[in-house]
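Read the numbers this way: they start at 1 and go in the same order the structure lists the ligands and their atoms.
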Amino acid sequence: MGFVSLGCPKNLVDSEVMMGLLDRGGARLTSRPEDAEILVVNTCSFIDTAKQESVDTILEMARYKTEGRAKRLIVAGCLVERYRDEIRKNIPEVDAVVGTGELESILEAAGIARPAATLSPFTILTTNTEIRSGQESLSGTHKSKGIGFNPYENAPTERGASAPEVTFRPEGDLRERQGRFSREDWQGAAHLLPTYLYSEDTPRLISTGRTSAYIKIAEGCDHPCTFCVIPNLRGKFRSRRFESVVAEAQRLVASGVQEITLIGQDTTCYGEDLGLKDGLATLLDALARIEGLRWLRFLYAYPNRITGKLLETIAKHDNICKYLDVPLQHASPDVLKRMKRGAGADIFLKTVEKVRAAVPGITLRTSFIVGFPGESQTDFETLEQFIAAAKFDWLGVFNYSDEEGSKAHALDSKLPKRTIESRKRRLMKLQQKISRQAKQQWVGRELVILAEGESSETELLWEGRTEFHAPEIDGKVFINDFGDLANLEAGKFYRAQITEAHDYDLVARITSGPL
Ligand code: SF4
């Protein structure tokens, strides 16, 4: 099988689950699409550019049905949730579609019989295989790499990939009654919302190397953000069982993983549907106690859910990365009100201060949408001044994308593309200056670095990350001096000194290791 995973890390985990299911069914992964008999494209349809990339990739893979050995082309993911019938009607080469809530039907789609439960349904891939991956997502970028491996290779018990029980939050039920999750205006979209959640027993091929892995702790979203179609694509918010997440993390660490990144559309809501108070903080506290777990972090916090207890937990454990990713989307109260997110620059500045006071030295990442309908020059300047005052370590700016099915689609006062683009450029220039000054403070610091491999830019350098860099999203640390070592090993941790700083990237010299 050949697999292309587009979009964000949440989609990547879905790809890993589907690859795990196919692998257990007897399929073997190849990085050469021309050799694959089954080709799967796991699509993203968050914004226009992502949709276009998904369609282009499907068409590119369709060629292998005539030019390669491909017998089946399967399209999975968010594009299917949105344009199920259109894909089948307009791209006849597509043999089957698999929505985000139907991951386990990938086996039927591939024409592979469901294997009977065996003592250990898990296998490990023996060849170096790379899955192709896309780049753009509103939440950041990712690029899959390394050997796909199954962390449950030695799972000792008889388990199947049973469907977990799904519960919802009253907030989600209420929003559903208000039509929040309706997608009747999407031609071809199935009307049933996805409810699937994978469990610790679902096979998964980890594609992010042997050292790092994502764990999806929740799926869907109940927030009413007017620019966003994710709730329509992914369904109501539901958390994975606490014990299931802990068991998955334990298995990953037992198989050699040392960095775990928790993801979900909103990780800070974790456990609300399970009746847990301080669900994410409690989960982090439990996971941080797993021996051998060196770095633990979570992405995508919702600003008004950053509690004192959560910050206390981050500060308390050495192995919880001092890193917080909190997409704020805007800073003007008027724009945030129309986005149905609330708050504004003053409240956000207080949040930033609170976070920095509770966890000294913490790295903050955020992202903004520029050019939301009706964004005035004053709104934009509020955002600009806020960025200058808050001084984030990492910042992403995305152009507003007018998505059919989102509430913002119906708003008046859309901005010309030119204005949106020039506002984005202005913010990125401002952040470049902030980042350049901040990165200078890093020079001379000695930090632990995860060596990731030879640089994609030149073989004279290696690339790595510190705890202050999340996988695939933030700047890079280039290693130009191995110190006393003849070579470095990818996936190992070293101590290193920062010797140079650029706008976003750093340069380091190894001082000792591997740790
Ligand atoms: S919090 Fe808002 S932007 Fe994020 S997934 Fe939920 S609805 Fe979309």
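Every atom of ligand 1 with a heavy atom of Arg180 under 4.0 Å away is listed here by number and element: 7 (S). For ligand 1 and Arg341, the ligand atoms under 4.0 Å from any heavy atom of the residue are 1 (S), 2 (Fe).
Ring centroid separation for the pair Tyr302 and His223 comes in under the 6.0 Å cut-off.
Of the inter-residue distances, the one linking Cys221 atom SG with Leu233 atom CG reads 11.5 Å to the nearest 0.5 angstrom. Here Tyr198 contributes atom OH and Asp14 contributes atom CG; the two are 9.0 Å apart, rounded to the nearest 0.5 Å.
Using a 4.0 Å cut-off between charged side-chain N and carboxylate O, Asp278 and Lys309 make no salt bridge. By the 4.0 Å N-to-carboxylate-O rule, Glu200 lies too far from Arg251 to be salt-bridged with it.
A cation-pi arrangement, defined by a distance under 6.0 Å to the six-membered ring centre and an angle within 45 degrees of its axis, is absent between Lys476 and Trp394.
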Kindly list each side-chain donor-acceptor pair under 3.5 angstrom involving residues 335-349, sequence neighbours excluded, with atom names and distances?
| residue | atom | partner | partner atom | Å |
| --- | --- | --- | --- | --- |
| Arg338 | NE | Pro373 | O | 3.4 |
| Arg338 | NH2 | Pro373 | O | 3.2 |
| Arg338 | NH2 | Gly374 | O | 3.2 |
| Arg341 | NH2 | Pro327 | O | 3.1 |

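Only protein atoms were considered; those of element N, O or S under 2.8 Å from atom 8 (Fe) of ligand 1 number 1.
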